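As structure tokens, the structure follows; a few thoughts come after it.
What you see is a predicted model, and the numbers here were worked out from it, not measured in a lab.
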Amino acid sequence: MPLLKEETYTIDDIYALPDGQRAELIDGQIYDMAPPNRRHQGLIMELSFLIRDYIKKKGGSCKVYPAPFAVRLNADDRTYVEPDISVICDPKKLTDKGCTGAPDWITEVVSPGSKRMDYSIKLFKYRTVGVREYWILDADKNRITVYDLENDDMEDYTFSDQVKVRIYEDLIIDFSEIDI
């Protein structure tokens with residue numbers, strides 16, 4: 001008896017979704033995305049502004065993009081993600097359609113339906129494509145997990161802690177000061 005062939009999707013299938021329906025595509029598999037809640041959006045906005053302000057004050061060239069922002073991690077048409085926050089330092093990766101290649105730093109804010117994606121599927125994918133740093137913010141668990149993917153290191157923090165950004169020499173984010 002032959003094995004059933006699992007259907008493989010492409011970015012064209014993502015663009016063909018009905019208006020308002022959001023999904024991500026990882027290695028040809030589509031994962032639906034639920035709309036974010038107010039707290040989720042508040043975290044993204046506050047953190048994006050802090051990062052952008054730091055980069056501007058330092059005269060840096062990296063760019064910060066909050067979701068929805070298209071990131072094609074591979075050179076093929078089988079992986080398309082919309083990280084909550086993407087920091088890209090190589091301007092050659094940026095196009096009018098988004099980012100092609102691995103952002104330097106990705107932050108995901110966990111939603112009830114995204115835990116498996118954020119802690120497992122995306123972690124594996126981000127590690128294999130060359131993302132340098134990956135943060136997972138889980139407000140329900142009062143946990144911030146920071147993966148330094150360049151050095152294969154991981155640390156956990158709380159929303160009361162100051163967290164050092166690994167890709168920058170002197171950026172520390174004090175989560176106790178973020179009002180959401």
Side-chain angles (χ1 to χ4, degrees), residues 6-53 62-74 76-88 93-127 129 131 133-147 156-160 163 165 173 175-180:
E6 205 172 290
E7 187 154 4
T8 301
Y9 298 93
T10 69
I11 290 173
D12 290 337
D13 295 305
I14 293 291
Y15 288 131
L17 292 172
D19 285 345
Q21 183 177 348
R22 291 181 56 213
E24 293 179 305
L25 178 71
I26 298 178
D27 296 328
Q29 296 303 302
I30 289 181
Y31 298 90
D32 290 325
M33 298 170 64
N37 63 29
R38 182 192 61 80
R39 188 173 192 190
H40 183 278
Q41 290 302 95
L43 272 170
I44 292 169
M45 291 303 295
E46 291 293 322
L47 194 52
S48 295
F49 286 140
L50 288 170
I51 299 165
R52 186 205 57 165
D53 288 349
C62 299
K63 300 291 182 188
V64 181
Y65 296 97
F69 179 72
V71 175
R72 294 177 70 166
L73 292 171
N74 298 36
D76 61 26
D77 64 348
R78 298 183 53 223
T79 301
Y80 166 100
V81 293
E82 292 182 1
D84 289 320
I85 301 172
S86 300
V87 177
I88 297 113
K93 291 182 180 180
L94 296 170
T95 69
D96 287 341
K97 290 187 175 188
C99 175
T100 302
D104 293 270
W105 175 18
I106 288 178
T107 299
E108 297 282 9
V109 178
V110 173
S111 299
S114 75
K115 289 179 193 282
R116 179 174 164 260
M117 283 290 292
D118 295 335
Y119 284 105
S120 178
I121 295 168
K122 286 184 177 179
L123 172 60
F124 176 77
K125 190 64 181 179
Y126 294 160
R127 177 179 281 135
V129 298
V131 172
E133 187 164 347
Y134 176 42
W135 288 21
I136 302 174
L137 282 59
D138 191 336
D140 290 341
K141 291 186 176 182
N142 188 33
R143 182 171 62 197
I144 300 159
T145 304
V146 174
Y147 293 93
D156 281 322
Y157 300 89
T158 70
F159 280 81
S160 301
V163 182
V165 178
I173 296 175
F175 278 87
S176 69
E177 293 181 0
I178 294 179
D179 182 28
I180 50 165

Taking all heavy atoms of [X] and all of [Y], pick out the closest pair and write down the distance.
X	Y	answer
S160	S176	O-CB, 3.9 Å
S86	I88	CB-CD1, 3.9 Å
V146	W135	CG1-NE1, 3.3 Å
R22	P36	NH1-CD, 4.2 Å

Beyond-backbone contact of [X] with [Y], side-chain heavy atoms, under 4.5 angstrom:
X	Y	result
E82	V71	no
Y147	I106	no
K125	L73	yes
D13	I11	no
V110	Y119	yes
P103	I85	no
T10	Y80	no
W105	V131	no

Practice item. Report, as yes or no, whether the 6.0 Å neighbourhood of atom NZ on K63 holds more than 12 heavy atoms from other residues, nucleotides or ligands. Key: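 Not buried by this count: 12 neighbours or fewer within 6.0 Å.
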Exercise for review: Tell me, with the steps shown, if F49 and I178 meet side chain to side chain contact (heavy atoms under 4.5 Å, CB included).
Suggested key: CA-CA 11 Å; F49 286 140; I178 294 179; over 6 Å; no
Could you grab the distance from atom [atom1] of [X] to atom [atom2] of [Y], nearest 0.5 Å is fine?
X	Y	atom1	atom2	answer
R72	L25	CZ	CG	9.5 Å
L47	R52	CG	CZ	12.5 Å
I136	Y126	CD1	OH	9.5 Å
D156	T158	CG	OG1	10.0 Å
I26	T79	CD1	OG1	7.0 Å
C99	L94	SG	CG	5.5 Å

**Study point:** Pair I121-D27, side chain to side chain contact (heavy atoms under 4.5 Å, CB included): steps then yes or no
**Key:** CA-CA 10 Å; I121 295 168; D27 296 328; over 6 Å; no
Test your reading of the model: is there a side-chain donor-acceptor pair from [X] to the backbone of [Y], 3.5 Å cut-off?
X	Y	result
K93	A102	yes
D76	R78	yes
T8	G28	no

**Study point:** Derivation of the side chain to side chain contact (heavy atoms under 4.5 Å, CB included) call for Q21 and D32
**Key:** CA-CA 8 Å; Q21 183 177 348; D32 290 325; 3.4 Å; yes
Point to revise | Pairs touching residues 97-117 that satisfy salt bridge (charged side-chain N to carboxylate O under 4.0 Å, His left out), sequence neighbours left out | key: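 Counting only pairs at least two positions apart or across chains, the salt bridge (charged side-chain N to carboxylate O under 4.0 Å, His left out) contacts touching residues 97-117 are D104-R132, E108-K122, K115-D138.
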**Study point:** Sequence-distant partners of F159, ring-ring contact (aromatic ring centres under 6.0 Å, His included), two or more places apart
**Key:**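 In terms of ring-ring contact (aromatic ring centres under 6.0 Å, His included), with neighbours along the sequence ignored, F159 is linked to F175.
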Check your understanding: Between T107 and D84, does any side-chain donor sit less than 3.5 Å from a side-chain acceptor?
Key ->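 No, no side-chain donor-acceptor contact under 3.5 Å.
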Check your understanding: side-chain contact (heavy atoms from CB on, under 4.5 Å) with S111: which of M117, M33, H40?
Key ->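 The passing option is H40.
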